[in-house]
Protein chains: 2
Amino acid sequence: MKSGRPRTFDTEKALDRAMYTFWRKGYYGTSIPDLTRAMSISRPSLYAAFGNKEALFAKVLDRYRSKPAAYLNEAIKEPTAKKVFEKLLLGAIDLQTDPANPGGCLFVQGALASGESNDAIRHELAARRASGEATIKLRFEQAVSEGDLPVGTNPADLAKFAATVVHGLAVQTAGGDEREDLLHVADLALRAFPN
Amino acid sequence: MKSGRPRTFDTEKALDRAMYTFWRKGYYGTSIPDLTRAMSISRPSLYAAFGNKEALFAKVLDRYRSKPAAYLNEAIKEPTAKKVFEKLLLGAIDLQTDPANPGGCLFVQGALASGESNDAIRHELAARRASGEATIKLRFEQAVSEGDLPVGTNPADLAKFAATVVHGLAVQTAGGDEREDLLHVADLALRAFPN
DNA sequence: TTAATTATATACCATTTAATACAGAATTAA
DNA sequence: TTAATTCTGTATTAAATGGTATATAATTAA
């Protein structure tokens with residue numbers, strides 16, 4: 001048994017609250033008081049439980065990827081590359097325009113630009129976006145080897161195209177674009193897909 | 001003649017310096033000392049000449065749109081909608097990957113998310129992005145009425161697709177993507193264009 | 001009970017933030 | 001010269017930032 005006074009707050013719930021706050025305001029726009037208020041915990045509790053702002057953000061990114069952004073994992077399970085692509089776009093639109101969520105994508109609007117002091121955050125997010133793109137690329141490579149995609153198709157290019165559209169959708173939804181309009185954008189993007 | 005001590009700095013050059021700083025660091029990541037250092041002027045001079053940080057940013061946005069982002073105006077002069085689209089993507093890639101510039105697009109990475117205190121900045125940028133999209137939409141409407149685009153083509157959807165790809169490219173370049181790779185993305189996007 | 005351990009709350013710290021007050025310097029108009 | 005005007009530099013302000021020191025409360029192990 002571990003001794004000591006037990007925590008009076010739920011770590012998972014607190015992380016969720018932190019996630020939505022960072023999602024809405026970005027890393028810079030979120031202050032420690034913003035976080036403690038949203039998480040309903042005291043400042044020292046935050047530092048004791050999560051390290052510091054940067055460490056908390058990293059935990060939040062993990063959580064974001066494994067919960068709201070899990071549509072990526074679902075998408076690559078589709079039987080054909082085209083369906084993978086389709087599900088990717090629809091999943092992104094659903095997530096980013098869900099009224100229960102802040103608009104946009106945490107990996108995009110967390111921090112696209114920064115002063116030298118927080119370069120680390122920006123690079124961390126770029127790396128996470130690149131990781132998603134790499135996952136898609138692997139799936140498309142598989143599709144090529146299975147004959148599901150035409151010979152000569154470049155999986156890396158196709159994956160980067162998918163990532164570009166998804167990230168573009170994130171900018172659009174951050175600006176308040178409507179789900180219905182973005183579904184038409186997805187339809188158009190699908191026409192670029194090789195048959 | 002206007003009397004008084006003359007300015008010892010060039011307003012245009014100072015605005016350029018401010019533009020690159022905001023472009024690289026975003027609105028939040030840029031502090032007033034960052035600006036005064038880059039512009040080589042004192043703090044009170046900045047306030048006297050440009051108002052405050054927000055007003056300076058607005059002037060910088062105008063400048064960005066009329067200089068580096070003027071490729072939009074060039075693109076819509078192309079004779080066909082497809083060429084407009086092509087030039088739009090190539091122009092965006094050229095601008096965003098020019099080694100002389102910070103990566104990405106100021107209208108995108110200036111501020112995608114924010115705390116309540118600076119909602120105004122975020123909305124201002126969203127409005128400027130929407131304005132660009134509206135310009136493209138007008139051009140595509142013209143193309144439809146000229147018979148350059150197939151009947152039934154929705155200019156609004158096509159314009160939003162173009163904006164989405166351009167903004168997606170901005171996210172990619174902010175993350176360090178290479179020009180060569182993004183040209184392939186542009187090729188793919190072009191395949192979605194109606195003939 | 002006692003000791004050890006862990007969480008909480010108040011209060012605080014140094015630094016940085018955007019923004020200004022004020023005095024002096026440089027110019028034009030009369 | 002004189003007055004009016006405008007810019008510049010130093011110094012300062014109040015508020016907000018991320019991060020802690022310290023004391024106390026609550027639990028387990030002995």
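Not measured: the values here are computed from a predicted model.
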Which residue lies toward the 5' end of DNA chain C, Pro44(B) or Ala48(A), if each is placed at its nearest nucleotide?
Ala48(A)
Specify the separation, in whole Å, of atom CG of Leu46(A) and atom P of dA7(C).
13 Å
Nucleotide nearest Tyr47(A) (side chain, heavy atoms from C-beta), chosen from dT17(C), dT8(D), dT20(D)
dT20(D)
Between atom CG in Asp34(B) and atom P in dA19(C), what is the gap in whole Å?
14 Å
Under a 3.5 Å distance rule, please check whether Asp148(A) uses its side chain to pair with a backbone N or O of Thr80(A) as donor and acceptor.
no
Compare the minimum distances between each of dT8(C), dA18(C), dG9(D) and the side chain of Ser42(A), then state the nucleotide with the smallest one.
dT8(C)
To the nearest Å, how far apart are Phe9(B) CZ and dT6(D) P?
15 Å
Using a cut-off of strictly less than 4.0 Å, decide whether Thr8(A) has a side-chain nitrogen or oxygen near OP1 or OP2 of dT8(C).
yes
Shortest side-chain distance from Ile32(A), nucleotide among dG24(C), dT20(C), dG18(D):
dG18(D)
So which one's nearest nucleotide on DNA chain C is more toward 5', Ser31(B) or Arg7(A)?
Arg7(A)
Using the side-chain hydrogen bond (donor to acceptor under 3.5 Å, both in side chains) definition, which of the options Lys160(B), Arg128(B), His167(B) pairs with Glu133(B)?
Lys160(B)
Applying salt bridge (Lys or Arg N to Asp or Glu O under 4.0 Å), name anything that partners Glu180(A), two or more places apart in sequence or on another chain.
none
Applying a 4.0 Å non-hydrogen cut-off, can you work out what Tyr28(A) is touching in the nucleic acid: base, sugar-phosphate, or nothing?
nothing
What contact category does Thr36(B) fall into here, base, sugar-phosphate, or nothing, at under 4.0 angstrom with non-hydrogen atoms?
nothing
Side chain of Arg5(B) only, heavy atoms from C-beta on: which candidate in dG24(C), dT20(C), dT8(C) is closest?
dG24(C)
Regarding Pro6(B), tell me which of base, sugar-phosphate or nothing describes its non-hydrogen contacts under 4.0 Å with the strands shown.
sugar-phosphate
Phosphate OP1/OP2 of dA7(C) contacted by Ser45(A) side-chain N/O (<4.0 Å)
no
Over how many whole Å does the gap from Arg37(B) atom CZ to dG9(D) atom P extend?
16 Å
Could you state the CG-P distance from Leu35(B) to dT17(C), rounded to the nearest angstrom?
11 Å
Atom-to-atom span, OH of Tyr27(A) to C1' of dT17(D) - whole angstrom:
12 Å
Atom NZ of Lys53(A) and atom C1' of dA16(D) are separated, to the nearest Å, by 12 Å
Lys25(A) NZ/CZ over Tyr28(B) ring centroid, <6.0 Å and within 45° of normal:
no
Between Asp10(B) (CG) and dC7(D) (C1'), how many Å, whole number?
15 Å
Check whether Tyr27(A) forms a cation-pi arrangement with Lys53(A) (NZ or CZ under 6.0 Å from the six-membered ring centre, at most 45° off the ring normal).
yes
Counting side-chain heavy atoms from CB outward, which of dG18(D), dC7(D), dT20(C) is closest to Arg43(A)?
dG18(D)
